[in-house]
Every structure is written in C-alpha cells, then in structure tokens.
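Report on one structure; see the data block that follows.
These figures come from a predicted structure and were not determined experimentally.
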Amino acid sequence: MHRLIFAAILSYCASAAAHAASNYTATFFGPNQQQVTNGYKTLDQLIDGLKGVTTQFSPSFGLSLRGLPAFLGTDGPTFLTLDIPSLGIQQFFSGQTADETFEQLKRFLTQSSQAGRIARESARTSPFDPVAGNPTSLMARAVFFDFFNAFYPFASNITEQSALIAQLGGVPTGAVRGPFRPLPGTGGYYGYFRDQGLATQSLTVPLSLTLRSDLDPRRQFSVTLPLTVSDVEGARAYYGTLNTSLRLPLARNWAVTGALGYSVVSATDLGTAGQVGSAALTSAFVVRTAFGDLSIGNMVGHYRTLSGTISGISTDSKIQNTVFRNGLLWSERAPAWLGGQRIEYTLVNTHYVGTELYLKNYSEAGVMIGSNKRADSVRSYVQGGLTYLFSSKTKGVQANFGYWF
C-alpha cells in the first residue's frame with residue numbers, strides 16, 4: 001500500500017513540476033531526502049539519466065513520459081520495476097549489468113507487445129505526440145493536406161466569370177482551351193505551437209503535381225508529397241505523406257474530391273514512430289456574389305494507424321478516427337496597392353471521433369494573398385498567408401507560401 005501511495009505522490013510531483021521545456025521528467029528524493037526533478041529532451045537522455053542516478057543510490061522515480069505518468073522502482077541498477085497505472089502495466093527488468101537492464105526498459109517502451117498500448121495512451125495524454133492526438137501530429141497533417149488539396153484550389157479556381165466551365169458544355173467562349181499542361185507545385189509551411197509549457201516548431205516542403213483534363217480543367221488528378229521536420233523542445237521527428245486525389249465536378253460551382261493517402265513518421269528521439277492510412281471525401285461548393293465568392297468545404301475521412309516497425313520501433317498503436325473538417329473561404333479582389341491580387345479569408349474546424357485523443361477539436365482562422373488560381377490558367381501563380389490555430393488547449397500559428405509553375 002505504501003508503495004502505491006509513494007508512486008502516486010511521485011507521479012503527481014513529476015506531472016505538476018513538469019518542466020516547461022522537457023519532454024520527459026524524473027522526480028525522486030535524493031540522499032538528503034530533498035526532492036529533485038530532472039528534465040530530459042529525448043528518451044535516450046532519460047534512460048542515461050536514470051541509469052546514472054541508480055548507480056549512485058537506489059531511489060524510486062516518478063516519471064512523466066511525454067505526459068504519461070509512470071513510476072520506476074529500483075533495487076540497485078540491475079533490478080527495475082515499471083508501473084504505468086493508467087494502463088495497469090507492471091513490468092520487471094533484471095540484467096547482469098545496468099546497461100543491460102536499462103536496455104530492457106527501453107525495448108519494452110518501444111518494441112514490446114505493450115508498446116502499442118503505451119503509444120495509444122501517449123496520443124491521449126501528450127500535447128505533442130508525433131503520431132496522433134494533436135494538430136501537429138502525423139494524423140493531423142494527413143487530415144490537413146486531404147482537405148487543403150481538395151478544397152482550396154477549387155474554391156479559388158473559378159473566381160472569374162470567364163473561367164466558369166459548365167459540366168456538359170466544355171470550355172466556354174473566352175476561356176483558355178486545352179491541352180492543359182501538368183501543374184507542378186512547391187512551397188513551404190512554418191508552424192509554431194505551444195501547450196503545457198512545451199513548444200514545437202516545424203518546417204514543411206510540399207511537393208505536388210496536378211494533371212488537368214483537356215475537356216474540363218476542373219477535373220483534376222493530383223499527387224502530393226509533403227515532407228516535414230519538426231522539433232519538440234530539442235527532440236526531432238521526421239514526417240512524410242503520399243497523397244493521391246481525384247476531383248470530379250458535379251455542377252458549375254460544385255465538385256467532390258476523393259483522396260487516398262499513406263503517412264509515416266520516425267521520431268526515435270521521442271521513442272515512437274507511426275504509419276497512417278487514410279481515405280477522405282470532400283465537397284467544395286462556391287456561392288458567387290457581387291462582392292466576392294463564398295466557398296463551403298465539407299470533408300469526412302477515416303484515418304487509422306498501421307502495424308509494423310520503423311527504425312525498430314513498433315507502430316501497432318491501433319488508433320483509428322473518423323474526422324470531420326468543415327470550412328468557409330471568402331475570396332475577393334485585394335486592394336489596388338496589392339497589384340490586383342486576390343485576398344482570401346478562411347475559417348476551418350476539425351473534429352475527431354473514435355480513439356480517445358488529447359485534443360479532438362480545434363479551429364483555424366487565416367488570411368491568404370496571391371494571384372488568381374483559375375482552373376484553365378496557363379500561367380504560374382503564387383500564394384502566401386498566415387493561419388492562427390486555437391482550441392481549448394493548443395494554440396499556434398502557421399505561415400505558408402505556395403508556388404505553382
């Protein structure tokens with residue numbers, strides 16, 4: 001009983017003292033019974049830190065594993081007991097040396113049959129888990145690009161009357177006629193987010209290629225490959241997504257887009273990795289007014305993690321969610337001093353249903369300025385802007401720039 005009470009006290013201290021700039025913390029009572037809390041950026045640093053303390057004496061630790069409370073009991077550096085109360089996990093480790101024993105601990109956290117459960121619980125408790133549960137995660141990035149690729153180009157493509165293309169009438173008089181060359185694109189996204197005293201920043205380079213129908217350039221097939229590197233208080237993670245989408249116009253101002261995607265993240269610094277498969281369907285509808293255009297986007301998608309290993313880390317977290325992402329885009333001609341560009345204002349909400357996550361609902365408000373992105377354009381176009389993300393927990397900003405040539 002006293003062991004459980006002590007574990008609860010140390011776990012609470014580790015969470016409450018949660019270093020504002022630490023992904024992992026370890027709280028223990030030193031030789032003089034003073035409370036000590038150490039913070040670590042990476043899992044390897046945590047393991048080395050615990051090993052160093054236990055070789056001097058044998059304290060018990062209250063741990064915060066990226067927000068997941070745990071308790072580590074020691075009887076010398078070659079015998080450990082790990083308790084994770086929220087999962088009912090109690091595991092013993094014993095080796096001939098401290099190195100061997102702590103290597104067993106690391107493998108348990110990243111490769112064992114329980115590693116998937118630990119990863120799923122991390123998505124529920126960690127503000128910046130790389131796999132799922134927050135706006136910076138792998139799953140959220142897949143959601144973002146599914147919606148962006150389906151909604152934003154169509155919402156801006158038909159901003160001029162001469163670019164309207166009837167579903168059955170072919171290319172109207174005055175519009176550019178095919179053949180339409182492929183449309184490659186690139187750009188950059190920089191994001192900065194804060195939550196629970198932690199900060200993460202990321203840089204994304206999206207690569208894309210769009211093929212347009214000669215009969216109706218609004219009918220498009222796109223392949224996108226956004227590549228991202230992120231930093232969570234000194235711990236690196238690397239992301240990649242391969243997404244394919246097909247847009248079909250159903251009426252003059254209405255189109256639906258189906259998308260399939262595969263996403264992957266390797267975050268060995270944080271002791272985790274993930275694979276996500278996805279399928280999404282998005283509707284984009286434009287209402288034209290005398291003052292500007294109002295576009296309405298509605299997406300539903302299914303996203304789930306896939307089992308396997310990446311860099312020796314298990315990805316079998318069994319996270320699956322149905323995601324609803326709905327947004328409005330108002331497009332109008334920018335002031336004359338901006339050279340006749342288009343200015344667009346966006347408001348988007350994202351909601352997750354399924355596996356319990358740290359954050360299941362968040363919204364984004366943004367503004368973008370750029371040249372006209374007509375579907376039948378034969379010229380390059382450019383666009384850039386800022387987005388503010390807000391929720392009951394996480395807050396952040398993202399700057400974006402895109403160039404299609």
Side-chain angles (χ1 to χ4, degrees), residues 19 21-26 38-52 63-68 70 72 80 82 84 89 91 93 98-134 136-142 191 193 198-205 225-242 262-277 305-319 358:
H19 278 199
S22 300
N23 295 307
Y24 299 91
T25 62
N38 292 333
Y40 307 94
K41 295 179 180 180
T42 69
L43 177 60
D44 284 340
Q45 289 179 4
L46 171 68
I47 296 295
D48 290 342
L50 295 175
K51 183 166 51 178
L63 303 178
S64 176
L65 306 174
R66 294 191 290 116
L68 175 60
L72 186 69
L80 308 174
L82 177 68
I84 304 179
I89 289 177
Q91 185 70 28
F93 309 95
D99 289 343
E100 182 180 329
T101 306
F102 277 92
E103 181 62 25
Q104 292 177 18
L105 171 63
K106 180 180 177 180
R107 287 200 303 267
F108 179 81
L109 293 173
T110 60
Q111 301 176 14
S112 70
S113 60
Q114 298 295 327
R117 295 183 63 208
I118 295 171
R120 185 166 62 253
E121 185 70 0
S122 179
R124 188 185 70 84
T125 60
S126 172
F128 295 124
D129 181 77
V131 179
N134 63 87
T136 71
S137 67
L138 177 69
M139 184 173 288
R141 293 175 193 276
F193 300 87
L198 293 168
T200 181
Q201 53 186 332
S202 64
L203 179 63
T204 299
V205 176
L225 180 64
L227 303 173
T228 301
V229 57
S230 73
D231 180 287
V232 185
E233 299 294 350
R236 290 289 179 89
Y238 303 90
Y239 304 79
T241 294
L242 178 62
Y262 169 76
S263 304
V264 61
V265 58
S266 176
T268 55
D269 281 355
L270 296 172
T272 191
Q275 306 175 81
V276 171
T305 56
L306 306 175
S307 61
T309 59
I310 296 175
S311 301
I313 299 174
S314 171
T315 63
D316 191 22
S317 57
K318 294 182 173 61
I319 299 171
Y358 175 80

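Distance CD1/Ile47 to OG1/Thr101: 11.0 Å, rounded to 0.5 Å. A distance of 8.5 Å separates CG in Leu65 from OG1 in Thr125, rounded to the nearest 0.5 Å. Within the model, atoms CG of Leu105 and OG of Ser112 stand 10.0 Å from one another, a figure rounded to the nearest 0.5 Å. The CD1 atom of Ile310 sits 5.5 Å away from the OG1 atom of Thr315 when rounded to the nearest 0.5 Å. Atoms CD and OG, on Gln114 and Ser314 in that order, are 10.5 Å from each other to the nearest 0.5 Å. Atom CG of Leu306 sits about 11.5 Å away from atom CD1 of Ile319, to the nearest 0.5 Å.
Every side-chain contact (heavy atoms from CB on, under 4.5 Å) that Ser263 has, sequence neighbours left out, goes to Leu138, Ala142, Thr241, Val276. Scanning for salt bridge (charged side-chain N to carboxylate O under 4.0 Å, His left out) contacts around Arg124 gives Glu121, with sequence neighbours left out. Among residues two or more places apart in sequence or in another chain, the side chain to side chain donor-acceptor pair (under 3.5 Å) test is passed with Asp44 by Lys106. Shown here are the salt bridge (charged side-chain N to carboxylate O under 4.0 Å, His left out) partners of Glu103, two or more places apart in sequence or in another chain: Arg107. Legend: residues meeting side chain to side chain donor-acceptor pair (under 3.5 Å) with Arg120, ordered by chain and number and at least two apart, are absent. For Ala235, the side-chain contact (heavy atoms from CB on, under 4.5 Å) criterion is met by Asn23, Thr42, Asp269, Leu270, not counting sequence neighbours. For the side-chain contact (heavy atoms from CB on, under 4.5 Å) test, residues two or more places apart in sequence or in another chain that qualify with Ile313 are Thr110, Thr268, Ala273. Every residue two or more places apart in sequence or in another chain that forms a side-chain contact (heavy atoms from CB on, under 4.5 Å) with Thr228 is listed here: Arg141, Ser202, Thr204, Tyr239. With sequence neighbours left out, the ring pair (Phe, Tyr, Trp, His ring centres under 6.0 Å) criterion links Phe102 to no other residue. Evaluation of the side chain to side chain donor-acceptor pair (under 3.5 Å) rule for Lys41 yields no partner, not counting sequence neighbours. Residues that satisfy the ring pair (Phe, Tyr, Trp, His ring centres under 6.0 Å) test with Tyr358, not counting sequence neighbours, are absent from this structure. Partners of Thr200 by side chain to side chain donor-acceptor pair (under 3.5 Å), not counting sequence neighbours: none found.
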Could you go through the side chain to side chain contact (heavy atoms under 4.5 Å, CB included) check for Tyr24 and Leu63 one step at a time?
-> CA-CA 7 Å; Tyr24 299 91; Leu63 303 178; over 6 Å; no
Are Phe108 and Ile89 close enough, and set up right, to give a side chain to side chain contact (heavy atoms under 4.5 Å, CB included), and what steps lead you there?
-> CA-CA 11 Å; Phe108 179 81; Ile89 289 177; 3.8 Å; yes
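Scanning both residues, Tyr40 and Gln45, for their nearest heavy atoms gives CD2-O, 3.4 Å. Minimum interatomic distance between Ser307 and Asp316 (heavy atoms only, all atoms of both residues): CB-OD1, 3.5 Å. The minimum heavy-atom distance linking Ser22 with Gly39 is given by the pair OG-CA, 3.3 Å.
No donor-acceptor pair under 3.5 Å is formed between the side chain of Asp129 and the backbone N or O of Asn134. In this structure, the side chain of Gln111 engages the main chain of Gly312 through a donor-acceptor pair within 3.5 Å.
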